[in-house]
Number of protein chains: 2
Amino acid sequence: MSQVQEAARPGLSDDELRERVLEAADRLYYGRGIQAVGMDELRTEADVPLKRLYKLFGGKDAIVAEVLRRRSALWETGVRAAVAAAATPREGLLAVYDHLARWFGETDFHGCIFINSFGELGGCSPDVAEIVRAHKAAFQDYVAALVADAGGPRALAAQLAILAEGAQTTAAIAGTPEAAAQARAAAATLIDAAGLPG
Amino acid sequence: MSQVQEAARPGLSDDELRERVLEAADRLYYGRGIQAVGMDELRTEADVPLKRLYKLFGGKDAIVAEVLRRRSALWETGVRAAVAAAATPREGLLAVYDHLARWFGETDFHGCIFINSFGELGGCSPDVAEIVRAHKAAFQDYVAALVADAGGPRALAAQLAILAEGAQTTAAIAGTPEAAAQARAAAATLIDAAGLPG
DNA sequence: CATCGCGGAGAACGACCGTTCTCCATTGTC
DNA sequence: GACAATGGAGAACGGTCGTTCTCCGCGATG
């Protein structure tokens with residue numbers, strides 16, 4: 001058995017390695033913060049040669065941006081699926097908070113990676129700040145579209161989005177998931193007060 | 001004029017120097033993040049000898065903790081004053097969001113330093129995480145007391161706190177202050193729906 | 001078989017971190 | 001006036017960061 005273990009395989013594709021790196025980076029950055037995780041630890045966790053890592057991504061900044069973009073797409077997919085499963089427009093809006101509740105209940109929940117990254121790097125990295133801003137703006141636009149489809153007033157959308165944001169920070173800091181249910185109840189009250197059809 | 005400019009004074013008191021250091025640390029940490037600001041930059045900004053800095057505080061962790069504790073006290077003072085100026089319990093609750101609106105409108109607003117610090121260090125520093133948790137818990141307790149005094153239901157307090165949190169993150173990331181007014185409108189709706197006397 | 005080039009492992013590099021230490025001017029005391 | 005003590009300025013230290021480079025074993029090619 002030579003010292004070369006992995007190279008015995010016909011050679012892992014670039015796409016496969018990118019996937020491994022991004023999965024590891026997501027897990028490490030989300031759990032401990034971006035600055036706290038060095039390239040060497042990422043290299044070890046993903047089991048990818050450092051040289052290949054730099055050839056595939058160019059540098060840490062690009063990996064961070066890619067991780068955030070993937071999380072954004074994952075979030076969008078998840079919330080859209082939750083909303084699509086609802087029977088009525090009103091329940092579709094409330095399904096957003098049920099989706100949050102499931103997320104908050106996961107054992108490795110550590111808050112919203114966009115809020116966390118913005119707190120960590122927003123003051124120093126315009127790139128990260130812009131990705132976070134775009135992600136949150138897209139969510140607000142999505143909620144606005146849901147509210148419009150449901151025939152609700154324009155002002156309701158911003159209020160519902162603020163409730164979702166507040167639930168995320170509250171649950172993350174408290175370390176408990178009940179903020180989702182509290183935000184859901186508040187959302188239901190706001191929706192009803194807006195005279196939205198049930 | 002010798003090279004010793006400051007020492008010509010009879011000697012700055014420890015309290016005075018502590019104040020200068022904490023003021024500079026607050027400004028730098030809040031604007032750019034904690035890990036992005038080194039002790040040398042803090043030394044320069046506060047114009048305090050590095051040796052004295054370590055004698056006064058012991059280390060960076062202690063400075064960070066002290067900055068957060070001061071911000072917590074400052075926030076508590078500010079929000080209590082805003083509430084106290086209100087004529088009725090209902091307006092007292094809404095005054096919280098007016099206070100947020102004034103804060104969001106400040107030119108150097110960069111979000112909530114507790115949310116930011118938690119995002120940056122919450123996964124690595126139990127000390128920071130605990131200070132942030134305690135600060136947010138104290139705010140929730142304060143809102144709960146206001147709601148109780150106003151005769152509102154227990155569930156309303158958590159909803160109002162979540163709105164305040166969401167407004168802070170939304171305003172910080174978007175870079176605009178309108179989330180405060182949106183949260184205030186939502187709060188008014190929730191308060192009215194709870195049947196709280198006007 | 002000789003040679004070449006690719007890719008992997010990890011050392012090396014410069015920069016910066018938090019912290020400590022060295023050196024020196026100044027000051028208060030006998 | 002000699003001298004210990006204080007405190008300032010900044011170099012030094014060990015460690016870690018992101019990134020690059022060196023070296024070597026390997027497979028492909030003539």
Side-chain angles (χ1 to χ4, degrees), chain A residues 1-18 20-22 24-25 28-29 32-68 117 120-121 123-125 127-128, chain B residues 1-18 20-22 24-25 28-29 32-68 117 120-121 123-125 127-128:
Chain A
M1 177 180 290
S2 82
Q3 66 189 12
V4 179
Q5 306 118 343
E6 306 290 346
R9 304 187 208 169
L12 298 84
S13 74
D14 284 1
D15 287 352
E16 200 171 357
L17 284 193
R18 282 183 66 93
R20 277 230 303 257
V21 170
L22 291 172
L28 294 172
Y29 293 163
R32 308 221 316 275
I34 293 171
Q35 297 181 93
V37 176
M39 294 296 274
D40 213 56
E41 183 175 4
L42 175 58
R43 189 218 81 81
T44 301
E45 194 76 9
D47 195 29
V48 169
L50 201 56
K51 197 152 97 180
R52 199 96 107 87
L53 210 164
Y54 274 92
K55 194 185 338 184
L56 285 174
F57 292 96
K60 182 172 183 176
D61 293 351
I63 297 179
V64 170
E66 192 67 14
V67 164
L68 291 178
S117 301
E120 181 175 358
L121 299 170
C124 280
S125 165
D127 291 352
V128 168
Chain B
M1 180 179 292
S2 81
Q3 66 188 13
V4 180
Q5 305 118 343
E6 307 290 346
R9 303 189 209 167
L12 299 86
S13 74
D14 284 1
D15 287 352
E16 200 172 357
L17 284 193
R18 282 182 67 93
R20 277 228 304 256
V21 170
L22 291 172
L28 293 172
Y29 292 163
R32 307 220 318 275
I34 292 170
Q35 296 181 92
V37 176
M39 293 296 275
D40 213 55
E41 184 175 2
L42 176 57
R43 190 219 80 83
T44 300
E45 195 75 8
D47 195 29
V48 168
L50 202 55
K51 197 153 94 179
R52 199 96 108 90
L53 210 164
Y54 274 92
K55 195 187 337 185
L56 285 174
F57 292 95
K60 182 172 183 176
D61 292 352
I63 297 178
V64 171
E66 193 67 13
V67 164
L68 292 178
S117 301
E120 182 176 357
L121 300 170
C124 281
S125 164
D127 292 351
V128 168

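Each chain gets a letter, A, B and so on, in the order its sequence line appears, and its residues count up from 1.
Rounded to whole Å, the distance from CG on L56(B) to P on dG18(C) is 17 Å. In this structure, L17(A) places its CG atom 11 Å from P of dG7(C), rounding to the nearest Å. Remark: C1' of dA11(C) and CG of D40(A) are 11 Å apart, rounded to the nearest angstrom. Rounded to an integer number of Å, the gap from OH of Y29(A) to C1' of dG18(D) is 10 Å. Between R43(B) atom CZ and dA9(D) atom P the separation is 6 Å, expressed in whole Å. Rounded to whole Å, atom P of dC21(D) lies 17 Å from atom CG of L53(A). Going from atom CG of D47(A) over to atom P of dA9(C) covers 7 Å, rounded to whole Å. In this structure, the OH atom of Y54(A) is 11 Å from the P atom of dC17(D), given to the nearest Å.
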Stepwise side-chain contact (heavy atoms from CB on, under 4.5 Å) check, M39(A) with I63(A): CA-CA 10 Å; M39(A) 294 296 274; I63(A) 297 179; 4.0 Å; yes

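Residue R52(A) places none of its side-chain N or O atoms closer than 4.0 Å to OP1 or OP2 of dG7(C).
Nearest to the side chain of K55(B), among dG7(D), dG18(C), dG8(D), sits dG7(D). When each of dT20(D), dT19(C), dG7(D) is scored by its nearest atom to the side-chain atoms of L50(A), the top-ranked nucleotide is dT20(D). Listed candidates were dA11(D), dG7(D), dG18(D). Nearest to the side chain of K51(B) is dG7(D).
R18(B) places none of its side-chain heavy atoms less than 4.5 Å from the side chain of R52(B). By the 4.5 Å heavy-atom criterion applied to side chains, Q35(A) and L121(A) are counted as neighbours. Proximity of K60(A) to I34(A): side-chain heavy atoms (C-beta onward) are separated by under 4.5 Å at one or more points.
Using a 4.0 Å heavy-atom distance criterion, V48(B) is classed as making no nucleic acid contact. Nucleic acid contact class of K60(A) (heavy atoms, under 4.0 Å, all strands): sugar-phosphate only.
Checking side-chain atoms of R20(A) against main-chain N and O of A46(A) turns up a donor-acceptor pair under 3.5 Å.
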